[in-house]
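Heads up: the structure comes next, in structure tokens.
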Amino acid sequence: MTGKPLVSVIMPAYQAEKYIKKAIESVWIQDVPLELIVVDDCSSDNTGDVLKEYIKRSDFQYIKNKENIGAAASRNRGVEAAKGDLIAYLDSDDWWEPGKLKKQLEIMKQTGSVICSTGRELMKPDGSSTGKKVGVAASVTYKDLLKHNSINCSSVLIRKDVAMEIPMCYDKSHEDYITWLKVLKKYGCCAGINYPYLKYRLSEGGKSRNKFKSAGMTFQVYRYMGYGRIKSCIFFLSYAVHGIIKYMGV
């Protein structure tokens, strides 16, 4: 890479040796000026060894946390180190199709949105498709997002100044959901591209895959955002219905 990157891709990684190479390779095939920042959250496996082949690249940064601080804080560390004007998030077990970032840049320019997400295809732990695709509306408002979180973190492209202003927090809940709600409450709609540019790997131990744990965390999001128990229950009911539809047949 020569010159300043337009996009900084932030990839938190913990015990990621099995899948991270596929995620990284999907970043390098994006046809926009970018850098990749991997934040290793104190992995004890061979994640660091897998990353050695990329260390000498000028468009690669490797940050190793001294202690485990969680995905939210790791993403924030990456944002702070970023040189690009825009931030893209990608988890180490997910991957992108070619053309994702270029299309998002076009849509953000057309709409003036500070944030953009895409649709996704749900993949099995072994990387094969479940056959299930989850779409996203062309425009997602704050009220829309309260009903269910249609913005997947690994699909997001957001302005760096906004990511710095509204960092991820409260890792005990869905930290990305809280962030998107705060962003939309202040800046308006999220632009959506209803195409599965994101390949989202379902993991047995992940937050979203553990339905009961995820449900409790989602209820806490509404409480964190200042809603009372009754309104939180109403929003949660909508979330539950959408969740059943999303994972039906998976």
| query | With under 30° as parallel and over 60° as perpendicular, where do the rings of Phe60 and Trp28 fit, or are they tilted in between? | reply | perpendicular
| message | Can you list everything that forms a side-chain hydrogen bond (donor to acceptor under 3.5 Å, both in side chains) with Tyr19? Sequence neighbours excluded, please. | response | none
| remark: Heavy-atom closest pair (Ile10 atom, Ile87 atom, distance to 0.1 Å) is CG1-CG2, 3.7 Å
| For the residue pair Ala82 and Ile37, what are the closest heavy atoms and their distance? | CA-CD1, 3.6 Å
| query | Looking just at side-chain N and O atoms, do Tyr62 and Lys52 make a donor-acceptor pair shorter than 3.5 Å? | reply | no
| query | NZ of Lys102 to CG of Leu105: how many Å apart, nearest 0.5 Å? | reply | 10.0 Å
| field | Separation of Leu90 CG from Lys100 NZ (nearest 0.5 Å) | value | 7.5 Å
| message | For Lys64, is the NZ atom crowded, meaning more than 12 foreign heavy atoms sit under 6.0 Å from it? | response | yes
| query | Is Glu121 salt-bridged to Lys199, going by a charged N under 4.0 Å from an acidic O? | reply | yes
| query | Looking at side-chain heavy atoms only, is the closest gap between Val156 and Trp180 below 4.5 Å? | reply | yes
| Counting distance only, does the side-chain N/O of Gln30 pair as donor-acceptor with the main-chain N or O of Leu101 below 3.5 Å? | yes
| query | Same hydrophobic cluster for Ile29 and Tyr54, using side-chain heavy-atom links shorter than 4.5 Å among ILVMFWY? | reply | no
| query | Under 4.5 Å between any side-chain heavy atoms of Tyr187 and Ile158, yes or no? | reply | no
| Which is it for Ile107 and Ser113 under the side-chain contact (heavy atoms from CB on, under 4.5 Å) test, yes or no, and what are the steps along the way? | CA-CA 8 Å; Ile107 295 298; Ser113 298; over 6 Å; no
| Thr130 side-chain N/O to Leu122 backbone N/O, donor-acceptor pair under 3.5 Å | yes
| Looking only at side chains, do Gln15 and Ser44 share a donor and an acceptor under 3.5 Å apart? | yes
| query | Where do Arg77 and Ile69 land on the side-chain contact (heavy atoms from CB on, under 4.5 Å) test, with the steps shown first? | reply | CA-CA 10 Å; Arg77 283 201 72 187; Ile69 61 176; 4.0 Å; yes
| Looking only at heavy atoms, what is the nearest atom pair of Asn194 and Val136, with distance? | OD1-N, 3.1 Å
| Linking I/L/V/M/F/W/Y whenever any side-chain heavy atoms sit under 4.5 Å apart, do Met123 and Val134 land together? | no
| query | Can you tell me how far the OG1 atom of Thr118 sits from the NZ atom of Lys103, to the nearest 0.5 Å? | reply | 12.0 Å
| query | Judged by modelled atom types alone, do Asn152 and Ser155 share a side-chain donor-acceptor pair under 3.5 Å? | reply | no
| said: Hydrophobic cluster membership, with links at side-chain heavy-atom distances under 4.5 Å among I/L/V/M/F/W/Y: are Val27 and Ile193 in one? | reply: no
| For the residue pair Lys182 and Ile166, what are the closest heavy atoms and their distance? | CB-CG2, 3.7 Å
| query | Salt bridge or not for Asp85 and Lys4, using N-O below 4.0 Å? | reply | yes
| Contacts of type side-chain contact (heavy atoms from CB on, under 4.5 Å), residue Met108, not counting sequence neighbours | Leu86, Cys116, Leu157
| message | What I want to find out is whether Asp59 reaches Lys83 closely enough, with some N-O distance under 4.0 Å, to be called a salt bridge. | response | no
| request: Enumerate the residue pairs fulfilling salt bridge (Lys or Arg N to Asp or Glu O under 4.0 Å) with a member in residues 187-197, sequence neighbours excluded, ordered by first and then second residue. | output: none
| Under the salt bridge (Lys or Arg N to Asp or Glu O under 4.0 Å) criterion, do Arg75 and Asp41 qualify, and how do the steps go? | CA-CA 10 Å; Arg75 292 189 187 106; Asp41 197 18; over 6 Å; no
| Just how far is it from atom CG of Asp94 to atom CG of Leu202, taken to the nearest 0.5 Å? | 9.0 Å
| message | Using a 3.5 Å distance criterion without hydrogens, assess whether the side chain of Arg120 forms a donor-acceptor pair with backbone atoms of Pro196. | response | no
| task | Report yes or no: do Ile115 and Met168 belong to one cluster of Ile/Leu/Val/Met/Phe/Trp/Tyr joined by side chain heavy-atom distances under 4.5 Å? | result | yes
| Do you know which two heavy atoms are closest between Val50 and Glu17, and how far apart they sit? | CG2-O, 4.0 Å
| Trace of the side-chain contact (heavy atoms from CB on, under 4.5 Å) decision for Tyr195 with Glu97 | CA-CA 10 Å; Tyr195 181 84; Glu97 282 196 7; 3.1 Å; yes
| message | With clusters defined by side-chain heavy atoms of hydrophobic residues (ILVMFWY) lying less than 4.5 Å apart, directly or transitively, does Tyr14 cluster with Met11? | response | no
| For the side chain of Ser74 and the backbone of Val39, is there at least one donor-acceptor N/O pair under 3.5 Å apart? | no
| Is the closest basic N to carboxylate O distance between Asp161 and Arg159 below 4.0 Å? | yes
| message | Restricting to non-hydrogen atoms, name the atom on Ala13 and the atom on Ser92 that form the minimum distance, rounded to 0.1 Å. | response | CA-OG, 4.1 Å
| request: Quick one: pull up CG in Leu198 and NZ in Lys133 and give me the separation to the nearest 0.5 Å. | output: 12.5 Å
| query | Nearest 0.5 Å, what's the CG-CD1 distance between Asp40 and Ile20? | reply | 7.5 Å
